[in-house]
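Presented below is the structure to which this report refers.
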Amino acid sequence: MVESVSIEKIADSTGTPVYIYSTEAFLTPLKEFQRGLASVDHLICFAVKANSNINVLKLLGDAGAGMDLVSGGELHRVGLAKIPADRVVFSGVGKSPGEMAAAMKMQRRGIFCFNVESTAEIETLNAVAESLNQCAPVALRFNPDVNPKTHPYISTGLKKNKFGMDRKEILEIVRNLKNYRFIEIKGLSIHIGSQLLSLDPLDDAFQKLGQLIDELNTKLPRPLTHVDLGGGLGITYSKGEKSPPIRKYCELVLKHFGPNAQQRLPFKILIEPGRILSGNSGILVTEVLYRKERPTKDFLIVDAAMNDLLRPSLYGSFHDIVPVKKLNGRPKKTDIAGPVCETGDCFAHDRAMTTQLKSGDLLAILSAGAYGFTMSSNYNSRPRPPEVLVSNGKFTVIRERENYDDLTRGEAG
Ligand code: LLP
């Protein structure tokens with residue numbers, strides 16, 4: 001069941017594989033952040049890359065969220081979801097001049113802020129802003145050189161990573177401010193990594209960020225008016241894992257930037273959560289195609305594959321997988337794999353699954369609402385699955401399954 005709607009009923013109607021999302025599960029963590037930060041001026045910008053379906057963006061936007069985006073395509077989606085431009089921030093190491101101009105023109109007034117990642121980028125943004133005769137609002141992305149203790153592919157706040165700037169580069173930009181007449185430095189931003197299961201690295205990073213804010217405020221013509229703390233809060237994928245509660249995260253934010261950090265007020269606090277708002281809001285439902293029996297372990301070949309949900313193949317990530325209908329029977333070591341012609345196309349290795357599972361049974365791959373559909377592809381010429389949103393006891397297809405014509409659209413011949 002997803003919010004009292006039967007998964008089998010949805011799968012009967014849409015076929016499999018299918019992504020199913022729960023409205024309540026998106027809104028519950030958002031409300032927790034809103035409560036936790038209620039004592040300060042804040043903006044919760046959902047990281048669109050985690051789940052970019054426009055219906056999801058609209059749902060979160062209607063509940064008060066802003067958006068953190070990283071591309072012109074995400075800007076387009078956020079526009080379609082009718083998110084107010086003054087709730088949008090633009091992050092990312094490689095914004096093109098065209099993307100910058102589009103963001104500056106969003107809903108005529110332009111977005112809330114660009115999180116700028118390098119001196120070269122600020123020069124380009126300044127030129128784009130000049131060509132539009134507009135001032136670009138900027139937060140400089142600080143790389144605090146803190147180890148987030150997460151998977152190396154999703155760690156972003158270390159010196160060796162491509163993201164952000166060190167204190168020296170930021171001070172140099174501030175020293176040369178007169179060269180950037182179409183830039184207004186409004187804040188600082190950070191994002192040290194994703195799927196963080198401890199708050200300690202954030203504590204360190206916030207500490208360093210606070211010091212840099214104080215230092216910059218002595219050098220800038222006007223003090224900074226906001227800070228963007230990025231995303232990164234992890235979720236529980238497996239039973240052994242424990243993710244920090246949102247309440248604790250908010251307490252940490254307030255410790256560094258809340259009403260008691262008086263010298264830095266008045267201050268708006270932005271955060272960019274992606275996974276924590278959407279990860280546990282979605283599942284990927286797949287049907288067992290074949291059981292291949294082997295003496296020591298069986299293979300369940302399912303109709304979803306790495307092109308639908310890449311995380312296990314790319315990062316070796318764990319996703320819990322449960323039969324949709326409760327089954328008895330003896331557990332046996334099982335690999336749950338997709339039909340793609342790669343050994344890496346495997347959702348679970350050596351997982352204890354009941355031998356009762358057979359062709360036609362449904363499995364739910366859990367915690368698939370973040371970086372699931374958004375990282376899907378058409379590899380092996382597989383049409384991407386539909387997305388379904390459950391709300392108030394009803395389900396709606398919010399993205400149709402792709403068909404073969406979708407696969408070849410735009411190809412000559
Ligand atoms: N802000 C910035 C600038 C980011 O780069 C990211 C994620 C976020 C916010 C949101 O982070 P979150 O709250 O979701 O941790 N594909 C990977 C995750 C990549 C994260 C990239 N940046 C995965 O499936 O685990």
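Throughout, residue positions are numbered sequentially from 1 according to the sequence presented. Every number for a ligand or one of its atoms is a count from 1 in the order of the listing.
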Consider ligand 1: state whether an atom of it lies below 4.0 angstrom from any non-hydrogen atom of [X].
{"X": "Tyr315", "value": "yes"}
{"X": "Asp68", "value": "yes"}
{"X": "Ala370", "value": "no"}

**Message:** With a 4.0 Å cut-off on N to O distance, would you call Arg409 and Asp406 a salt bridge?
**Reply:**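 Salt bridge: yes.
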**Presence of salt bridge, Asp203 and Lys255, under 4.0 angstrom** =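 Between Asp203 and Lys255 there is a salt bridge, with a charged N closer than 4.0 Å to a carboxylate O.
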**Prompt:** Going by distance only, is there an N or O of Glu272 that falls short of 3.5 Å from an N or O of ligand 1?
**Reply:**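 N/O-N/O distance under 3.5 Å: yes.
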Please set out all donor-acceptor pairs under 3.5 angstrom arising from side-chain atoms of residues 71-80, sequence neighbours excluded.
| unit_1 | atom_1 | unit_2 | atom_2 | d |
| --- | --- | --- | --- | --- |
| Ser71 | OG | Gly73 | N | 3.3 |
| Ser71 | OG | Glu74 | N | 3.0 |
| Glu74 | OE1 | Val70 | N | 2.9 |
| Glu74 | OE2 | Lys49 | N | 3.3 |
| Arg77 | NH1 | Ser52 | O | 2.9 |

**Asked** Should one rank Gly232, Ser278, Gly92 by closest heavy-atom distance to atom 12 (P) of ligand 1, which comes out on top?
**Response**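 Looking at heavy atoms only, Gly232 sits closest to atom 12 (P) of ligand 1.
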**Asked** Arg275 heavy atoms, cut-off 4.0 Å: which ligand 1 atoms fall inside?
**Response**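 That gives atoms 12 (P), 13 (O), 14 (O), 18 (C), 23 (C), 25 (O) of ligand 1.
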**Message:** Taking 4.0 angstrom as the limit and counting only heavy atoms of Gly231, give me the atoms of ligand 1 inside it, by number and element.
**Reply:**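 Answer for ligand 1: 9 (C), 13 (O).
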**Item:** For ligand 1, the portion of Ser194 having any non-hydrogen atom under 4.0 Å away
**Value:**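 Contact part for Ser194 vs ligand 1: both backbone and side chain.
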**Asked** Which is it for Arg141 and ligand 1 at heavy atoms under 4.0 Å: side chain, backbone, both or neither?
**Response**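 The answer is the side chain of Arg141.
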